2 protein chains.
Amino acid sequence: MSADRPHLADVNASLRQLMQLSQTRSKKIRKETGITGPQLLAMKTLADSPNLSISELARRIYLHPATVVGIVDRLEGHGLVERTPSKKDRRQVNLKLTRAGKGALRKTPVSAQDPMLAGLEALPDKKLKRLAVNLSKIVKVLETHAKGPAPKRRRGRPRKEESLPKKRRAGKPA
Amino acid sequence: MSADRPHLADVNASLRQLMQLSQTRSKKIRKETGITGPQLLAMKTLADSPNLSISELARRIYLHPATVVGIVDRLEGHGLVERTPSKKDRRQVNLKLTRAGKGALRKTPVSAQDPMLAGLEALPDKKLKRLAVNLSKIVKVLETHAKGPAPKRRRGRPRKEESLPKKRRAGKPA
DNA sequence: ATTTGCTTTTTCGTATACAAATAATTTGTT
DNA sequence: AACAAATTATTTGTATACGAAAAAGCAAAT
């Protein structure tokens, strides 16, 4: 195959496996707790910082807002998270854990609190720290070369277009 | 929250960023070449080893056969890959790159040959090697704990598993 | 030969994940 | 105030990704 550099393939395989493991782990958690990895992460973040908006939550868990909408939809469907319209900005919604959500989070085994963390808890602190440092280095390298995600260029020029009277805005009846 | 260990959160954030970067990278490749990361990986594998079956291809790229079916469907839809029924076993199909597929693969810039590799090519060999070693260590740790970290012995009858209540929301009716 | 059991591909359902488009609102400019 | 630009949440469309089960074929046992 590629007459690439010697270790490029190794790195790539490792990264692939890493992601594969995360996927598998997520499925397992779902079977055990009924909640998926990303959902759990969202709940944990909301437990730490209530009343986040969709965008802010998305930023904190490194996901696209559109993805977070789906995750929150499902969590809300299960009665674990609640949307409330924001008073300050009527475009925004405030996300909060419901009582059931907090309870579910409390009941979740620590080993399942995050997709990849189960295997790491057994590590001694020294190794863990080294791992954290190494990983963040890797990420930094890849990030710089991937043209940082910061310059979020908005180009949504409002357009005049008739469409279906479909609207679901912040104020939810439910 | 994961305030129990100091570096656990860092590691987790890095891993998440890693996966998010891969996703972003894949999308960018798609915009440039019209082919996504997984599709590219499948094509590369078929270029190396023609006439693979779905299962075998799935094994080689660490994916579920059901996932590979979709990937091959799309590649075939673009005329890049061809399914031919196997003579030996009429259940199987043989996968091959078409002429167009080979051409497309040849035209793909090396820097896009894999989702995460673009940023790594600029690294000197020493760093790259260290990175490879570190990564494979990480993977190994996570892998072991993902395989059988729970020596929980269960006595008695296996429980019938129960899925949780699902709620419908506006979806697309195909 | 029929049954039983396994493998292989496919289909279905669910859940990420992102880009682009849209709707509603807020902010800034004139 | 009126108009333009930027923001926010959502919808739509496409592509992974997996598990479960259907559909078809193969192989060994009875």
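Note that this is a predicted model, so its numbers are computed, not measured. Proteins get letters first, then strands, A, B, ... in listed order; numbering begins at 1 in each.
Along DNA chain C, the nucleotide nearest A:Asp89 and the nucleotide nearest A:Tyr62 are compared for position; the residue whose nucleotide lies closer to the 5' end is A:Tyr62. Taking the nucleotide of DNA chain C with the nearest heavy atom to each of A:Thr36 and A:Lys87, the more 5' of the two is matched to A:Thr36.
For A:Arg83 and D:dT8, the shortest distance from a side-chain N or O to OP1 or OP2 is not below 4.0 Å. In terms of phosphate contacts, A:Arg90 brings no side-chain nitrogen or oxygen within less than 4.0 Å of OP1 or OP2 of D:dT8. When the side-chain nitrogen and oxygen atoms of B:Gln39 are compared with OP1 and OP2 of D:dT16, one or more of them lie within a distance under 4.0 Å.
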Kindly indicate, with the supporting measurements, whether the criterion side-chain contact (heavy atoms from CB on, under 4.5 Å) is fulfilled by B:Asn51 and B:Leu95. CA-CA 5 Å; B:Asn51 287 320; B:Leu95 303 173; over 6 Å; no
Report the C-alpha distance between A:Ile54 and A:Val69 in whole Å, list the side-chain angles of each, state the deciding distance to 0.1 Å, and finish with yes or no for side-chain contact (heavy atoms from CB on, under 4.5 Å). CA-CA 7 Å; A:Ile54 291 276; A:Val69 166; 4.2 Å; yes
Would you sort out whether B:Thr98 and B:Val81 count as a side-chain contact (heavy atoms from CB on, under 4.5 Å), showing the intermediate values? CA-CA 5 Å; B:Thr98 63; B:Val81 159; 5.6 Å; no
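The base of C:dT9 has none of its N or O atoms less than 3.5 Å from a complementary donor or acceptor on the side chain of B:Arg91.
Taking the charged nitrogens against the carboxylate oxygens, B:Arg60 and B:Asp48 have no contact shorter than 4.0 Å, which rules out a salt bridge.
With sequence neighbours excluded, no residue forms a side chain to side chain donor-acceptor pair (under 3.5 Å) with B:Arg90.
The distance from atom CG of A:Leu57 to atom CD1 of A:Ile71, rounded to the nearest 0.5 Å, is 8.0 Å. Note: A:Arg59 CZ to A:Ser53 OG = 6.5 Å, rounded to the nearest 0.5 Å.
C:dT27 atom P lies 11 Å from atom NZ of A:Lys88, rounded to whole Å. Regarding A:Leu95, its CG atom lies at a distance of 12 Å from the C1' atom of D:dT8, rounded to whole Å. Per the geometry, CZ belonging to B:Arg74 stands 17 Å off P belonging to D:dG13, to the nearest Å.
No donor-acceptor pair closer than 3.5 Å links the side chain of B:Thr67 to the backbone N or O of B:Leu63. Under the 3.5 Å distance criterion, the side-chain polar atoms of A:His78 are left unmatched by any main-chain donor or acceptor of A:Leu80.
At a non-hydrogen distance threshold of 4.0 Å, B:His64, B:Ala66, B:Thr67, B:Ile71 from residues 64-71 of chain B come into contact with DNA chain D. Residues from residues 49-58 of chain B lying near DNA chain C, meaning a heavy-atom separation below 4.0 Å, are B:Ser53, B:Ile54, B:Ser55 in numerical order.
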